[in-house]
Amino acid sequence: INAEYMGCHFSPIPEFDIELKDGDVVRIDLAVHIDGHVATVAQTTLVQTAETPVTGKLADLMVAAQTCMEVAVRCLRPGVKNNDVTELWAKIAEAYNVNVCEGVLSHRMKQFVLDGNEAIISKSNIDQRVEDYEFGPHEVWSIDVVLSSGPGKLREQDARPYIYKRCPDQSYQLKLRASKELLKEMNTRFQDFPFTIRSLDPKSGRLGVAECLRHELINPYPVLCERPEDFVVQLKSTVFITPNAIERVTGVPSTHKFESELKCSDAAVLGWLQRGLTLAGKKKKKKKPSPKE
């Protein structure tokens with residue numbers, strides 16, 4: 001749960017919880033899996049006592065994010081490439097005078113693989129880019145839209161990491177019993193998925209994390225933040241590409257009404273928004289009736 005200018009990966013232990021107040025912008029990001037098949041979802045909400053329409057910069061951000069999500073979902077079809085989505089997101093952000101956050105990736109997911117090699121990069125530049133990839137049937141994607149009212153350059157904060165992930169390619173003969181128990185728990189309980197330090201034993205778990213981290217057996221997910229005076233919004237959905245349709249299987253509708261005075265008039269964006277989610281599948285041939293004897 002990330003509040004205000006915190007971009008991602010803030011999942012603190014109880015003694016470092018923060019108290020939400022009226023007017024705070026909060027992003028809830030979570031995932032679940034059954035036998036390694038993952039569903040991800042994220043939504044941005046506003047802490048408010050009065051149910052009034054949201055206007056101003058926050059409304060611009062949310063309408064832009066919703067537009068980015070709708071366009072991306074419709075682009076997930078054969079013949080369209082990942083970098084086509086990145087270009088459309090840039091046009092939408094420009095129209096609403098906001099910025100796409102750098103370094104955010106939307107991944108193709110597989111069983112036990114949360115972040116596959118095929119990805120959509122949020123913002124492409126000289127230092128950050130991905131190889132072209134054409135979408136195809138029978139794929140599952142986690143579409144992650146993160147926009148900012150600031151420059152969109154999320155930076156590591158002083159806050160300690162609370163989320164970690166096992167490095168399967170690294171090995172080391174651990175010394176501490178707590179570290180050995182943690183390694184066993186990662187292999188059996190968490191497997192290839194990230195885990196929060198809250199899910200571990202308060203004493204032995206944290207002790208084990210320290211040694212595993214020193215020997216690079218786990219990777220930390222640092223808390224990334226924008227400038228304190230800026231807003232960050234996030235939307236995330238899990239989308240299936242079937243032979244006949246694009247199916248969005250997660251995505252929580254907002255309980256707030258966002259009213260932006262800005263609009264996106266780009267012809268390419270508007271064209272995609274008018275597209276449906278049905279794909280042109282192959283028609284099944286009707287069987288000829290057998291001749292009567």
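Checking side-chain atoms of T238 against main-chain N and O of T250 turns up no donor-acceptor pair under 3.5 Å. Put simply, the side chain of S122 never gets that close to the backbone of V100: no donor and acceptor are under 3.5 Å apart. A donor-acceptor pair under 3.5 Å links the side-chain atoms of N82 to the main chain of E131, judged by distance alone. Although no hydrogens or angles enter the test, the distance criterion places a donor-acceptor pair under 3.5 Å between the side chain of W89 and the main chain of C68. Within the 3.5 Å criterion, the main-chain N or O of N97 finds a donor-acceptor partner in the side chain of K57. A donor-acceptor contact shorter than 3.5 Å is absent between the side chain of D144 and the backbone of S106. Checked by atom type and distance alone, the side chain of S148 never pairs as donor or acceptor with a backbone atom of V232 at under 3.5 Å. The backbone N or O of G79 sits less than 3.5 Å from a side-chain atom of E134, completing a donor-acceptor pair. Of the possible polar contacts, one joining the R74 side chain to the R275 backbone as a donor-acceptor pair under 3.5 Å is found. At distances below 3.5 Å, at least one donor-acceptor pair connects side-chain atoms of Q43 with backbone N or O atoms of V252.
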Which is it for F112 and D35 under the side-chain contact (heavy atoms from CB on, under 4.5 Å) test, yes or no, and what are the steps along the way? CA-CA 8 Å; F112 291 106; D35 193 26; 4.2 Å; yes
Can L217 and R166 be said to form a side-chain contact (heavy atoms from CB on, under 4.5 Å), step by step? CA-CA 6 Å; L217 296 181; R166 173 84 165 92; 4.2 Å; yes
Let's go through L114 and D192 carefully: what are the C-alpha distance in whole Å and the side-chain angles of both, what is the deciding distance for side-chain contact (heavy atoms from CB on, under 4.5 Å) to 0.1 Å, and is it a yes or a no? CA-CA 8 Å; L114 184 63; D192 296 324; over 6 Å; no
Kindly determine whether Y221 and K165 satisfy side-chain contact (heavy atoms from CB on, under 4.5 Å), including the steps that lead there. CA-CA 8 Å; Y221 282 59; K165 185 181 178 183; 3.4 Å; yes
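Residues L224 and F231 do not share a hydrophobic cluster, clusters being chains of Ile/Leu/Val/Met/Phe/Trp/Tyr side chains in contact below 4.5 Å. A chain of hydrophobic side-chain contacts below 4.5 Å, direct or via other Ile, Leu, Val, Met, Phe, Trp or Tyr residues, connects I120 to V80. Hydrophobic clustering of Ile, Leu, Val, Met, Phe, Trp and Tyr side chains at less than 4.5 Å, counting indirect connections, keeps L154 apart from L147. Under the 4.5 Å side-chain heavy-atom criterion for Ile, Leu, Val, Met, Phe, Trp and Tyr, Y5 and L61 are members of distinct hydrophobic clusters. Note: the hydrophobic cluster containing L88 also contains L277 (ILVMFWY, side chain heavy atoms under 4.5 Å, direct or indirect links).
In plain terms, the two heavy atoms of K91 and A268 that are nearest each other are NZ-CB, 4.1 Å. Across all non-hydrogen atoms, the minimal contact from E4 to D24 is OE2-CA, 3.2 Å. Nearest approach of D22 to V47, heavy atoms of both residues: OD1-O, 3.2 Å. Counting all heavy atoms, side chain and backbone alike, A72 lies closest to V85 at CB-CG1, 3.9 Å. In terms of heavy atoms, I18 sits closest to A3 at CD1-CB, 4.0 Å. Pairing each heavy atom of G136 with each of P78, the nearest pair is CA-CG, 4.4 Å.
Between Y172 and H215, the ring planes are parallel. Angles under 30° get that label, and only those over 60° would be called perpendicular.
Side chains of H9 and P161 form no contact here, defined as non-hydrogen atoms less than 4.5 Å apart. At least one side-chain heavy atom of F190 sits under 4.5 Å from a side-chain heavy atom of E185. For the pair N244/L279, no side-chain contact is recorded, criterion being any heavy-atom separation below 4.5 Å from C-beta on. Looking at heavy atoms from C-beta onward, R129 lies out of side-chain contact with T86 at the 4.5 angstrom threshold. R160 has its side chain within reach of I197: a pair of non-hydrogen atoms, C-beta onward, lies under 4.5 Å apart. Residues M186 and F195 form a side-chain contact, since some pair of their non-hydrogen atoms from C-beta on lies under 4.5 Å apart. In this structure, N83 and Y133 have side chains that are not in contact, with every pair of non-hydrogen atoms separated by 4.5 Å or more. The closest side-chain heavy-atom distance from I13 to P202 is not below 4.5 Å.
Counted within 6.0 Å of CD on E216, heavy atoms from surrounding residues, nucleotides or ligands total 12 or fewer; the atom is thus considered open. Atom CG of N117 sits in a sparse spot, with 12 or fewer heavy atoms from other residues, nucleotides or ligands closer than 6.0 Å. Heavy atoms from other residues, nucleotides or ligands lying under 6.0 Å from CG of L262 number more than 12. Annotation for R206: atom CZ counts as buried by contact number, over 12 foreign heavy atoms lying within 6.0 Å. With a 6.0 Å radius and a threshold of 12 heavy atoms from other residues, nucleotides or ligands, F193 has its CZ atom above the threshold. For E94, the CD atom counts as loosely surrounded, since its 6.0 Å shell holds 12 or fewer non-hydrogen atoms of other residues, nucleotides or ligands. Summarising the local packing, NZ of K175 is surrounded by more than 12 heavy atoms from other residues, nucleotides or ligands at distances under 6.0 Å. More than 12 heavy-atom neighbours from other residues, nucleotides or ligands sit within 6.0 angstrom of CD on E229.
E51 contributes atom CD, which lies 9.0 Å from atom NE2 of H256 (distance to the nearest 0.5 angstrom). Atom CD of E70 and atom OG1 of T67 lie 8.0 Å apart (nearest 0.5 Å). Atom OG of S254 and atom CE of M62 lie 5.0 Å apart (nearest 0.5 Å). L182 contributes atom CG, which lies 4.5 Å from atom SG of C212 (distance to the nearest 0.5 angstrom). We find the CD-OG distance between E102 and S124 to be 10.0 Å, quoted to the nearest 0.5 Å. Atoms CD1 and CG, from I92 and L273 in turn, are 6.5 Å apart once rounded to the nearest 0.5 Å.
Salt-bridge check for R177 with E211: failed, with every basic side-chain N at 4.0 Å or more from each acidic carboxylate O. Under the 4.0 Å criterion applied to side-chain N and carboxylate O atoms, D84 and K81 are not assigned as salt-bridge partners.
Here the options are T44, V54, T55, the test is side chain to side chain contact (heavy atoms under 4.5 Å, CB included), and the partner is F258; only V54 passes. Considering R108, H107, R248 in turn, R108 is the only one that fulfils the side chain to side chain contact (heavy atoms under 4.5 Å, CB included) rule with W141.
For A95, the side chain to side chain contact (heavy atoms under 4.5 Å, CB included) partners at least two apart in sequence or on another chain are C264.
Residues S260 and D60 have side chains that bring a donor and an acceptor to within less than 3.5 angstrom of each other.
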